[in-house]
Amino acid sequence: MRCYIGVGSNLGDRQGNIEAAIQGLREAGGIEVTKVSSIYETEPVGGPQQPKYLNGVIAINTELEPRQLLLALQKIENQFGRERSVKNGPRTIDLDILMYGEEEIDEPDLKIPHPRMHEREFVLKPLRDIVQG
Ligand code: GSY
């Protein structure tokens, strides 16, 4: 299935964190990374006062089911010691499933397409990059 993953970081070595997360995706079973957008520095949207982000979008082909993919992304996030103590707060790495083919899922912990992607320029700009080529 063709999927799009949003990636963001606003703590530590932001570029290095994103590169390591992409490498984590390349090494994960059942995932083929097909395209990576440009990475943009973006003003934080929502949440507490926090540093600027680097954001991008990654296109993958995957054999994993949506929930398996979610677990694979959470595993990569956890490898970076991501803390979830502050809601919408700063993070070393964030990996979100934006789209999973044409599928629509609306469960408490898994909503696809990502419900807020259409209003987030930090998602839409890199997504346009890779969709339009
Ligand atoms: O889920 C996204 C985390 N996040 C971001 C982000 O990735 N980029 C920007 N620019 N602002 C954000 N606010 C939150 S929360």
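All values below come from the heavy atoms of this structure, side chains included, with hydrogens, waters and symmetry mates left out. Every number for a ligand or one of its atoms is a count from 1 in the order of the listing.
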Tell me, please: is P44 in heavy-atom contact with ligand 1, that is, under 4.0 Å?
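The answer is yes, since P44 has a heavy atom less than 4.0 Å from ligand 1.
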Using a heavy-atom cut-off of under 4.0 Å, does the side chain or the backbone of D96 touch ligand 1, or both, or neither?
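The part of D96 near ligand 1 is the side chain, not the backbone.
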For ligand 1, the portion of R91 having any non-hydrogen atom under 4.0 Å away:
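Under 4.0 Å from ligand 1, R91 contributes side-chain atoms alone.
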What's the shortest distance from atom 5 (C) of ligand 1 to any protein heavy atom, and which residue and atom give it?
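Here the closest protein heavy atom is Y53 CZ, 3.4 Å.
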Say whether [X] and [Y], considering side chains only, have a donor N or O and an acceptor N or O under 3.5 Å apart.
| X | Y | answer |
| --- | --- | --- |
| N61 | T34 | no |
| N17 | S9 | yes |
| D129 | Y40 | yes |

Side chain of K52, backbone of E41: donor and acceptor closer than 3.5 Å?
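Side chain of K52 to backbone of E41, a donor-acceptor pair under 3.5 Å: no, none is there.
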Flag F122 as yes when one of its N or O atoms lies below 3.5 Å from any N or O atom of ligand 1, and as no otherwise.
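No, F122 has no N/O under 3.5 Å of an N/O on ligand 1.
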For atom 10 (N) of ligand 1, tell me which residue out of R120, R116, E43 has the closest non-hydrogen atom.
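Comparing heavy atoms across R120, R116, E43, the nearest one to atom 10 (N) of ligand 1 lies in E43.
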Which option out of N55, D94, L95, V45 puts a heavy atom nearest to atom 13 (N) of ligand 1?
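It is V45 that holds the nearest heavy atom.
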Minimum heavy-atom distance P113-M99, with the two atoms named
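Closest approach of P113 to M99, heavy atoms only: CB-CG, 4.3 Å.
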What atoms of ligand 1 come closer than 4.0 angstrom to any heavy atom of T42?
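Those atoms are 8 (N), 9 (C), 10 (N).
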To the nearest 0.5 Å, tell me how far L110 CG sits from Y100 OH.
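So the gap between those two atoms works out to 10.5 Å.
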